[in-house]
Amino acid sequence: MRLATWNVNSIRTRVDRVTDWLERADVDVLAMQETKCTDAQFPSMPFAALGYEVAHVGVSQWNGVAIASRVGLADIEIGFAGQPTWSSKPDVEATAEARALGATCGGMRVWSLYVPNGRSLADPHYAYKLDWLAALRDTAAGWLGDDAGAPIALVGDWNIAPTDEDVWSTEAYLGHTHVSEPERAAFHAINNAGFTDVVRPFTPGPGVYTYWDYTQLAFQKRRGMRIDFILGSPALAARVRHAEIGKDERRGKGASDHAPVLIDLDDQPGDTTQ
DNA sequence: ATGCCAGGATGATCCTGA
């Protein structure tokens, strides 16, 4: 079983690139973030043609998360319990944004997550980001409380570089979001709730990233950040036998600014599929 | 402090991203 996550930065702009890679990389389940479209606008036909069902939540040109699966797609949940709300303007009612989507695929529970950016340390969006992560931690801890042996993957764009090794320059990010101690603490709290980074053991740093800014030849200069993660519950983490970052997908014209991240899982005991 | 690049919506310019 191959599970991947990718911030695609507009699925409408990038659907050919994404489906080409899905086929080439032989991915079973792909969680996507920043689809930047409504449900009606999501291009599901190219996925269906390759045998993938797609669940998507998107209500505007912002955010949007999806899960494409060719091993089943059941019990779809939009948003997680307690997910904080956000309003873009004072006169607009705050709502839960399209940043979290859960589904059961091939016996595992997958959550496609697009953690709020934070914008700047003084911005209300930063407090929203920390609230969002704290609520996710509480809810996800509850899932393991209900069933400690559940195979759960929390995957996506976390918008946090958990250690100094995960940014090309600590100086360049001083005073900025993604590297602040509260954000790192919020990320580690999710680790401590039982969800560990299952990719890092197979992709050791330093200098290993999943995101490179579009500007100033950041990719060519190897100026990136590691902010996209696959976090696994203990039962899922025990089955990971390989992981990689699809850095080649960041190359060339028309690339997303994020690379896909994938893992290979051993079959569950007693699993007769494949 | 700002633009650097990119996508989207609207209609040459703003908002957002990280």
Side-chain angles (χ1 to χ4, degrees), chain A residues 5-18 32-43 56-66 86-92 94-95 97-100 112-130 132-133 156-184 186-187 207-229 245 247 249-261:
Chain A
T5 184
W6 197 357
N7 179 321
V8 296
N9 188 11
S10 172
I11 191 60
R12 286 179 290 174
T13 298
R14 220 138 354 253
V15 64
D16 290 346
R17 256 188 114 110
V18 171
M32 289 166 269
Q33 300 83 38
E34 279 208 273
T35 57
K36 288 186 171 178
C37 67
T38 64
D39 292 343
Q41 292 170 322
F42 189 96
H56 175 258
V57 56
V59 294
S60 69
Q61 70 269 44
W62 306 121
N63 314 309
V65 286
W86 175 256
S87 171
S88 55
K89 296 171 192 163
D91 56 338
V92 173
T95 55
E97 295 185 299
R99 295 181 178 273
S112 181
L113 304 168
Y114 178 44
V115 175
N117 171 290
R119 297 179 186 169
S120 71
L121 300 185
D123 197 296
H125 208 257
Y126 178 76
Y128 168 55
K129 178 180 194 173
L130 296 178
W132 205 95
L133 288 160
D157 177 357
W158 293 78
N159 274 323
I160 297 170
T163 74
D164 285 349
E165 234 183 42
D166 300 319
V167 293
W168 66 275
S169 163
T170 52
E171 290 77 16
Y173 285 96
L174 264 182
H176 291 256
T177 59
H178 295 63
V179 299
S180 73
E181 282 313 312
E183 289 167 279
R184 288 177 169 175
F187 187 82
V208 171
Y209 309 124
T210 65
Y211 161 85
W212 298 262
D213 197 292
Y214 280 125
T215 68
Q216 299 184 308
L217 296 173
F219 181 67
Q220 290 79 354
K221 292 177 180 173
R222 298 176 182 159
R223 295 178 171 180
M225 304 179 89
R226 194 171 72 100
I227 56 175
D228 299 270
F229 298 95
I245 297 165
K247 194 177 171 185
E249 304 315 306
R250 180 62 181 78
R251 301 181 197 283
K253 188 174 163 63
S256 168
D257 42 2
H258 295 251
V261 179

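Here the structure is a predicted model, which is why all the values come from computation and not from measurement. Chain identifiers are assigned alphabetically (A, B, ...) following the order of the sequence lines, protein sequences preceding nucleic acid strands; residue numbering begins at 1 within each chain.
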Which of residues 157-166 of chain A sit near DNA chain B, with a heavy atom under 4.0 Å from it?
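Within this stretch, Asp157(A), Asn159(A) sit under 4.0 Å of the strand.
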Please give me every residue in residues 218-225 of chain A whose heavy atoms get under 4.0 Å of an atom in DNA chain B, ordered by residue number.
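Heavy-atom contacts with DNA chain B come from Met225(A).
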For [N] versus [M], give the span between their [atom1] atoms, rounded off to a whole number of Å.
N	M	atom1	value
dG11(B)	dA1(B)	P	32 Å
dA12(B)	dT2(B)	P	25 Å
dC4(B)	dT10(B)	P	24 Å

Would you give a per-nucleotide map of nucleotides 2-11 of chain B, 5' to 3', where B means the base has a protein non-hydrogen atom under 4.0 Å away, S means only the sugar-phosphate does, and - means neither?
-BBBSBSS--
Does anything in residues 208-220 of chain A pair up under salt bridge (Lys or Arg N to Asp or Glu O under 4.0 Å), and if so which pairs, sequence neighbours excluded?
none
Which residues share a side chain to side chain donor-acceptor pair (under 3.5 Å) with Asp166(A), sequence neighbours left out:
Thr163(A), Arg226(A)
Not counting sequence neighbours, which residues clear side chain to side chain donor-acceptor pair (under 3.5 Å) with Asp157(A)? List them please.
Asn7(A)
Could you tell me which residues satisfy side chain to side chain contact (heavy atoms under 4.5 Å, CB included) with [X], sequence neighbours excluded, listed by chain and number?
X	answer
Ala100(A)	Phe80(A), Gln83(A), Trp111(A), Leu113(A), Trp132(A)
Arg119(A)	Trp86(A), Asn117(A), Asp123(A), His125(A)
Ser87(A)	Val92(A), Ala94(A)
Asp16(A)	none

Looking at residues at least two apart in the chain, or sitting in another chain, which of them share a salt bridge (Lys or Arg N to Asp or Glu O under 4.0 Å) with Asp39(A)?
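Partners of Asp39(A) by the salt bridge (Lys or Arg N to Asp or Glu O under 4.0 Å) criterion come out as none, since no residue qualifies.
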Glu97(A): which residues meet the salt bridge (Lys or Arg N to Asp or Glu O under 4.0 Å) condition with it, sequence neighbours left out?
Arg99(A)
Tyr209(A) near the nucleic acid: base, sugar-phosphate alone, or nothing, with a heavy-atom cut-off under 4.0 Å?
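Since no nucleic acid heavy atom lies under 4.0 Å of Tyr209(A), the category is nothing.
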Using a 4.0 Å heavy-atom cut-off across all strands, classify Asn7(A) as base, sugar-phosphate, or nothing.
sugar-phosphate
If the plane angle is over 60° it's perpendicular, under 30° parallel, otherwise tilted; pick one for Phe42(A) and His56(A).
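Rings of Phe42(A) and His56(A): tilted, 30 to 60°.
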Do Arg251(A) and Phe219(A) make a side-chain contact, defined as non-hydrogen atoms from C-beta onward lying under 4.5 Å apart?
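Of all side-chain heavy-atom pairs linking Phe219(A) with Arg251(A), at least one is under 4.5 Å.
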